[in-house]
Amino acid sequence: MTKIILMDTNHLNMKTLLFNICVITSFIHEVFGADVVIQIPPERVRDQDGFYRLDYWPPQGEPPPNTTFTPAKVVEGIELTRALPGTKYDFQLYYSNDTISDYPNWTASITTVPPPPSNLTIHVRSGRSALVSWDPPRTGGYSAFNLKVIPISESENSITNFPITENQLPFALKKLMPGASYELQLYTVYETKESDAYISSNFTTRPNAPGRFLVWYRNETIMLVLWQPPYPAGIYSHYKVSIDPKDAQESVLTVNKASEPPGPAQAAFLGLVPGRAYNISVETVSQDQISIPETGQHRTIPLAPRNITFDPKSVTPYSFVAKWEAPVGKTEFNRYQLSLGVKKKVTPLIVDRDAPREATFDGLEPGKTYNLFIKTVSGAVASWPTTGKVTLRPLPVTDLQANESEETREVTLTWKDDEISTQDHYKILYQEVETFNGDSRTKVVTEKVDVIELYPGRNYSLSVSAISNGVESEPTIIYIATKPASPIIEELQPIPRGLNIPWKSDVTSRQEVPGTKATEGIERKLTAFGINSIS
């Protein structure tokens with residue numbers, strides 16, 4: 001019910017009258033119309049024998065302008081329908097009877113209630129602001145708009161009103177809560193009248209992005225992603241986590257907010273391809289709004305190579321050649337990385353995936369054992385290592401000497417290590433030469449000295465090889481001829497004018513008699529003459 005003031009032109013003091021006017025707004029075929037009911041207090045209606053004529057401008061409404069009414073009808077109330085909404089109407093009420101014609105009784109000006117705007121559009125720019133725009137009413141006048149912002153999801157259910165003029169469009173709503181939902185109600189204002197009807201729309205601001213994420217665990221086919229909640233938290237209901245390429249058993253995961261206040265969250269992708277690069281994104285979600293994604297590219301671990309082998313012929317004191325086999329199964333990688341298990345920092349050797357699977361390491365230390373680690377590498381992610389162990393040949397011993405004892409017939413063999421070589425044992429070979437199936441003996445010792453008793457009267461080759469972890473060096477060889485054993489003189493037999501001297505050689509000794517071949521263990525006899533005495 002709206003009160004309208006009509007001016008009584010019969011009085012010099014412009015005495016005011018109150019009319020009760022009801023304004024009802026409707027929408028028919030996109031044309032807004034207003035219904036106005038004008039009621040005049042009964043005491044103001046005079047001369048019941050006359051009639052009243054109602055004129056108004058603009059001439060839009062039913063009944064039309066200049067329609068006449070009986071005094072009773074005026075008291076009952078005059079209903080003007082199909083009036084223009086949002087329009088200022090000027091009314092004139094005239095009275096006529098037998099003696100008076102068109103006496104101006106009252107005048108009044110009213111403004112009908114304007115229709116609501118149309119095409120309310122909301123563009124969410126961020127978690128803190130949104131742009132709002134609309135079209136003004138297609139009919140009627142308007143001077144401003146009233147935008148009512150009603151929080152839906154915030155704890156403080158406070159309503160804010162914004163009076164807005166047309167030149168402020170589009171209007172920026174600021175200081176909103178990220179991820180929060182709001183209802184907008186938009187009214188048209190014309191002079192002092194606000195539309196009864198309004199247009200409304202709900203929207204949700206963009207939630208804050210989650211904190212940085214990392215791959216907490218990975219293997220060949222699984223990646224477990226862990227991330228922090230957004231800060232400040234704002235309002236959101238869950239996370240959307242996705243992976244591309246979509247190899248996983250589930251490539252898009254929904255993870256609910258864990259707690260209040262929220263803590264770290266996680267998601268696992270299963271069934272991935274070993275060594276493949278994946279783009280992972282984590283977003284917070286509130287209603288239909290999704291935050292700016294937190295993204296990163298991560299790889300699964302590629303499959304490891306197989307079967308490292310070392311060609312024995314390639315193993316030298318300073319180098320070796322390694323070979324290996326490619327991984328079995330579907331995997332992605334671009335190179336092999338080879339490194340030795342040494343304490344000092346050494347740049348790994350890189351071999352392209354399509355190159356021959358063979359690598360040479362040189363400049364190494366003789367006799368040392370090396371652990372070789374070979375990995376496949378995809379981007380910056382390496383597989384678990386495949387290992388192989390190889391020992392380089394130690395360097396030959398030096399200063400090999402053999403000394404035979406005059407008394408015991410024992411031969412003492414001594415030698416020295418090469419200073420830059422590593423070895424843990426020594427192999428000694430005593431080999432009789434120039435004799436088929438002669439004396440031959442092998443010993444493995446840890447000290448750089450050995451004592452052995454050789455057969456007398458023989459030629460020997462003596463060789464010493466350094467050993468490191470079962471790998472032998474080139475042998476160092478010397479030759480020695482042992483002294484033959486002294487003959488054994490048996491009982492002397494006197495003969496006239498002399499002695500008969502029999503003897504025999506040691507059965508283990510070899511010796512030669514001038515003019516004959518070497519004899520062994522043969523008994524001999526010598527007759528000596530002209531001997532006068534034996535002392």
Side-chain angles (χ1 to χ4, degrees), residues 122-131 153 173-182 203-303 330-335 337 353 375-384:
I122 305 168
H123 174 62
V124 176
R125 296 197 299 180
S126 68
R128 303 286 293 176
S129 65
L131 278 179
S153 55
L173 286 174
K174 300 179 180 180
K175 297 182 179 179
L176 302 175
M177 172 72 73
S181 295
Y182 298 88
F203 74 96
T204 302
T205 57
R206 182 180 295 168
N208 287 331
R212 294 190 62 183
F213 75 92
L214 55 87
V215 175
W216 185 254
Y217 170 81
R218 80 180 92 196
N219 63 17
E220 289 79 1
T221 60
I222 298 174
M223 275 201 286
L224 176 62
V225 183
L226 182 71
W227 64 91
Q228 293 292 331
Y231 182 83
I235 297 175
Y236 64 98
S237 57
H238 61 278
Y239 300 97
K240 178 184 176 183
V241 192
S242 58
I243 189 169
D244 186 67
K246 303 182 184 301
D247 300 321
Q249 296 175 5
E250 293 184 68
S251 298
V252 179
L253 301 175
T254 297
V255 179
N256 291 327
K257 185 165 59 174
S259 59
E260 192 63 47
Q266 64 181 29
F269 294 101
L270 310 178
L272 304 178
V273 176
R276 178 166 289 180
Y278 289 95
N279 295 310
I280 301 176
S281 68
V282 182
E283 302 160 302
T284 50
V285 181
S286 180
Q287 300 294 334
D288 60 342
Q289 288 292 325
I290 300 176
S291 72
I292 297 174
E294 184 70 27
T295 62
Q297 186 180 85
H298 299 273
R299 297 173 185 263
T300 50
I301 297 176
L303 297 178
K330 185 178 181 179
T331 184
E332 295 183 5
F333 66 96
N334 54 354
R335 63 191 185 276
Q337 177 180 295
R353 172 177 180 161
K375 305 175 183 178
T376 54
V377 181
S378 176
V381 178
S383 71
W384 300 107

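Just so it is clear, the model here is predicted, and its values are computed rather than measured. Scope of the values below: all heavy atoms of this structure, side chains included, with no hydrogens, waters or symmetry mates.
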Pairwise distance CD1(I243) to CD(E250) - rounded to 0.5 angstrom: 12.0 Å
Contacts of type side-chain hydrogen bond (donor to acceptor under 3.5 Å, both in side chains), residue T205, not counting sequence neighbours: none
Pairs flagged by ring-ring contact (aromatic ring centres under 6.0 Å, His included) wherever residues 244-300 is involved - sequence neighbours left out: F213-H298
For S242 against V252, the heavy-atom pair lying closest together: CB-CG2, 4.1 Å
Rounded distance [0.5 Å steps], NZ in K175 versus CG in L173: 12.5 Å
Residues forming a side-chain contact (heavy atoms from CB on, under 4.5 Å) with R125, sequence neighbours excluded: H123, S129, L131, A172
Sub-4.5 Å side-chain heavy-atom contact between R353 and N334: no
Pairs touching residues 229-238 that satisfy side chain to side chain donor-acceptor pair (under 3.5 Å), sequence neighbours left out: Y236-Y239
Which residues share a side-chain hydrogen bond (donor to acceptor under 3.5 Å, both in side chains) with Q249, sequence neighbours left out: none
side-chain hydrogen bond (donor to acceptor under 3.5 Å, both in side chains) involving S286 - partner list, sequence neighbours excluded: none
N/O donor-acceptor pair under 3.5 Å between S281 side chain and E294 backbone: no
T204 side chain vs Q289 backbone, donor-acceptor pair below 3.5 Å: no
Side-chain touch L272/R218, heavy atoms, less than 4.5 angstrom: no
T295: partners by side-chain hydrogen bond (donor to acceptor under 3.5 Å, both in side chains), with sequence neighbours left out: none
By side-chain contact (heavy atoms from CB on, under 4.5 Å) - contacts of P274 (at least two apart): E220, T221, L303, T331
Identified side-chain contact (heavy atoms from CB on, under 4.5 Å) partner of T284 from the options P229, P210, P178: P210
Check: D244 and S251 side chains under 4.5 Å, non-hydrogen atoms: no
Residue pairs fulfilling salt bridge (charged side-chain N to carboxylate O under 4.0 Å, His left out) with at least one residue in residues 266-289, sequence neighbours excluded: D247-R276, R276-E332
Residues in side-chain contact (heavy atoms from CB on, under 4.5 Å) contact with A267, at least two apart in sequence or another chain: W227, V241, L253, V255
Heavy-atom side-chain contact between S126 and R206 under 4.5 Å: no
Sub-4.5 Å side-chain heavy-atom contact between T254 and V285: no
Minimum heavy-atom distance A180-S153, with the two atoms named: CA-OG, 3.3 Å
CD1/I292: more than 12 non-hydrogen atoms of other groups inside 6.0 Å: no
With K257 via salt bridge (charged side-chain N to carboxylate O under 4.0 Å, His left out) - residues at least two apart: E260
Contact check, side chains of Y182 and I122, non-hydrogen atoms, under 4.5 Å: no
Pairs involving residues 262-275, ordered by first then second residue, that meet salt bridge (charged side-chain N to carboxylate O under 4.0 Å, His left out) (sequence neighbours left out): none
